[in-house]
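For reference, the structure I am asking about is given below.
Quantities reported herein were computed from a predicted structural model and do not represent experimental measurements.
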Amino acid sequence: MGEKVTKKASRSVLLGAAFLMATSSIGPGFLTQTTVFTEQLLASFGFVILISVLLDIFAQMNVWRIIVVSGLRGQEIANKVLPGLGIVLAILIVFGGLAFNIGNVAGAGLGLNAMLGMDTVTGAILSAIFAIVIFLFKEASKIMDRAAQLAGAVMIFLMFYVAVSTNPPVGEAVIRTFVPTEISILAIVTLVGGTVGGYITFAGGHRLLDAGLKGVEAIPEVNKSSITGILVTAVMRIALFLAVLGVVSQGLKLNADNPAASVFQLALGDIGYRIFGVIMWAAAVTSVVGAAYTSVSFIKTFHKKIAQYENWIIIAFITISTLIFAFIGKPVSVLVLAGALNGLILPLALGTLLIAVYKKDVVGSYKHPLWLTISGAFVVVVMGVLSIMTLIEQIGLLIG
């Protein structure tokens with residue numbers, strides 16, 4: 001999927017990388033988590049969004065910058081820090097990506113069910129075919145960029161339309177963003193893990209490498225692209241937060257079985273439910289594309305045949321995810337464990353890259369800013385401790 005980047009094309013590539021990362025993080029889990037936490041914390045959820053966005057920016061600026069400066073993918077950098085570590089990281093990413101893709105495929109089926117009344121399994125299969133078609137084209141990467149940008153724009157527009165319709169208490173939301181009455185550490189960890197955890201933070205970084213963007217001279221563009229990706233995700237989350245806040249502040253009760261869908265239904269009736277279907281489908285199918293593309297980008301350097309047949313392996317990845325959902329259903333225990341492992345990937349990956357950025361055989365004469373190292377190390381420690389606590393808790397639940 002390598003391609004030459006002209007100045008004219010680089011803008012599209014940078015936007016494409018930002019939206020690939022953003023739409024990868026805006027999946028079925030994103031919609032549900034944001035809705036549930038807003039219902040619990042009300043206006044104070046604004047503070048959670050603010051803190052998580054800052055942590056996201058620190059994490060992603062470090063990861064993308066180090067990848068592009070070194071010209072190496074995450075697994076190649078990890079192998080230079082400790083031989084074999086790149087293979088461990090790749091296994092974790094691919095396992096997490098595959099498990100979550102089962103959920104993404106299921107979400108796409110639910111989206112078509114809400115939008116058109118289609119059977120969920122049939123909707124999931126059709127959605128997977130749509131994602132596969134993207135990778136059948138020679139210019140797959142450019143089509144992927146355009147699809148991510150279009151889907152992101154549609155989701156943001158529809159979400160703000162619903163947010164305005166619910167007439168949320170914006171003044172209170174602004175105040176509580178800076179002066180919260182309640183703080184949830186779990187919510188912050190969940191949001192950071194869901195935005196830059198697992199494969200997601202590498203999605204855009206690897207996309208930039210595939211487009212031929214690398215070296216110290218690319219840093220200003222990479223900074224803009226990485227922050228754009230986080231801000232697109234934040235705008236979407238703020239819009240959903242306001243929509244949910246508008247509904248619950250009216251004293252309306254959300255349906256526990258599908259809280260995100262009930263927000264739209266309570267706000268706009270049947271049309272709202274159809275709009276939810278469009279957003280759910282767009283969020284899910286772009287996450288399917290992002291998870292498959294990034295997971296395969298983690299193994300393509302291990303053998304030249306993998307790189308040669310990259311698009312076909314991506315198609316196989318999407319097909320396997322869909323078949324597991326269609327014939328076995330959603331393996332909850334695997335998804336729960338994968339979720340906990342996903343949280344561990346960020347501190348492991350970011351910590352490794354922060355060590356690598358001080359190795360000359362990785363970045364040459366490049367000097368990493370101290371403030372980025374400190375902020376990155378802070379994210380590693382916070383997410384590492386909390387993710388291990390979560391993993392122990394989840395394994396305990398599985399054994400129990």
Side-chain angles (χ1 to χ4, degrees), residues 1-27 30 53 56-69 71 73-74 130-131 133-135 137-160 194-196 199-240 278-279 281-294 296-297 311 314:
M1 280 176 89
E3 60 202 62
K4 286 187 179 179
V5 177
T6 62
K7 283 194 173 181
K8 189 180 174 184
S10 67
R11 180 181 164 85
S12 176
V13 167
L14 292 167
L15 264 181
F19 274 86
L20 178 66
M21 171 267 145
T23 54
S24 291
S25 70
I26 302 167
F30 174 101
V53 165
D56 292 341
I57 288 172
F58 293 151
Q60 187 146 292
M61 279 186 75
N62 271 293
V63 172
W64 286 29
R65 183 188 279 235
I66 296 167
I67 284 172
V68 170
V69 165
R73 286 172 176 76
F130 175 84
V133 165
I134 290 173
F135 294 102
F137 288 95
K138 194 178 179 183
E139 299 286 321
S141 54
K142 289 180 182 174
I143 296 168
M144 184 174 67
D145 288 347
R146 292 293 183 206
Q149 290 172 50
L150 181 63
V154 168
M155 284 191 285
I156 289 169
F157 172 76
L158 289 175
M159 196 67 87
F160 267 106
T195 308
V196 292
Y199 67 89
I200 298 167
T201 193
F202 291 98
H206 284 190
R207 172 71 192 101
L208 293 175
L209 281 192
D210 279 340
L213 208 76
K214 56 186 173 182
V216 177
E217 64 278 3
I219 285 175
E221 292 173 305
V222 171
N223 286 346
K224 284 180 197 168
S225 185
S226 63
I227 293 170
T228 300
I230 297 298
L231 292 181
V232 169
T233 313
V235 165
M236 183 72 174
R237 201 176 301 269
I238 290 164
L240 180 54
V278 175
I279 292 173
W281 183 81
V285 84
T286 48
S287 293
V288 168
V289 170
Y293 166 77
T294 312
V296 173
S297 77
N311 282 12
I314 291 170

- Message: Please find the pair of heavy atoms, one from E217 and one from K214, that lie closest to each other, and give the distance.
- Response: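 That would be OE2-O, 3.3 Å.
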
- Message: Tell me whether H206 contacts the main-chain N or O of I67 through its side chain, where contact means a donor paired with an acceptor under 3.5 Å.
- Response: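 Such a contact is absent between H206 side chain and I67 backbone.
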
- Message: Using side chain to side chain contact (heavy atoms under 4.5 Å, CB included), reason through Y293 and R207 one step at a time and then give a plain yes or no.
- Response: CA-CA 9 Å; Y293 166 77; R207 172 71 192 101; 3.8 Å; yes

- First locate atom CG of N223, then atom CD of Q60, and finally report the distance between them rounded to the nearest 0.5 Å.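 N223 CG to Q60 CD: 11.0 Å, rounded to 0.5 Å.
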
- S225 and A17: which non-hydrogen atoms are nearest, and at how many Å?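 Nearest pair, atom of S225 first, then A17: OG-CB, 4.0 Å.
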
- Query: Can you tell me how far the CE atom of M159 sits from the CD1 atom of I279, to the nearest 0.5 Å?
  - Reply: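 CD1 of I279 is found 4.0 Å from CE of M159.
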
- How far does CE of M155 sit from CZ of F160, to the nearest 0.5 angstrom?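 Answer for the CE-CZ pair, M155 versus F160, is 13.0 Å.
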
- Heavy-atom pair of closest approach, residues A151 and T286: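 Taking every non-hydrogen atom into account, CB-CG2, 3.5 Å.
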
- Roughly how far, to the nearest 0.5 Å, is OG of S226 from CZ of F58?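 Answer rounded to 0.5 Å: 12.0 Å.
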
- Distance-only, no hydrogens or angles: does the D145 side chain make a donor-acceptor pair with backbone N or O of V13 under 3.5 Å?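 Answer holds: no.
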
- Atom CG of L208 and atom CG of L14: how far apart are they, to the nearest 0.5 Å?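 If we round to the nearest 0.5 Å, L208:CG and L14:CG are 6.0 Å apart.
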
- Would you give the length of the straight line joining atom CZ of F137 to atom CD1 of I143, rounded to the nearest 0.5 angstrom?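 Separation between the atoms: 5.0 Å.
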
- Task: Compare every heavy atom of A203 with every heavy atom of L20, then report the nearest pair and how far apart it is.
- Result: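 Scanning both residues completely, I find the closest heavy atoms to be CD2-O, 3.6 Å.
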
- Query: Is there a donor-acceptor contact under 3.5 Å from the side chain of W64 to the main chain of I219?
  - Reply: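 Pair absent, no side-chain N/O of W64 close to backbone of I219.
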
- Query: Sequence neighbours excluded, which residues qualify as side-chain hydrogen bond (donor to acceptor under 3.5 Å, both in side chains) partners of T294?
  - Reply: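 Expected list: none.
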
Donor-acceptor contacts under 3.5 Å from residues 227-239 side chains, at least two apart:
from	atom 1	to	atom 2	distance (Å)
T228	OG1	K224	O	2.6
T233	OG1	G229	O	2.9
R237	NH1	T34	OG1	2.8
R237	NH2	T195	OG1	3.1

- Query: With side chains defined as the heavy atoms from C-beta onward, is the minimum distance between F135 and M144 less than 4.5 Å?
  - Reply: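 They are in side-chain contact.
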
- Message: Test your reading of the model: is there a side-chain donor-acceptor pair from S287 to the backbone of T23, 3.5 Å cut-off?
- Response: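 Indeed, once roles are kept as given, a pair shorter than 3.5 Å links the two residues.
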
- Message: Any heavy-atom pair between the side chains of I200 and M21 that's under 4.5 Å?
- Response: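 Yes, at least one pair of side-chain atoms sits under 4.5 Å.
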
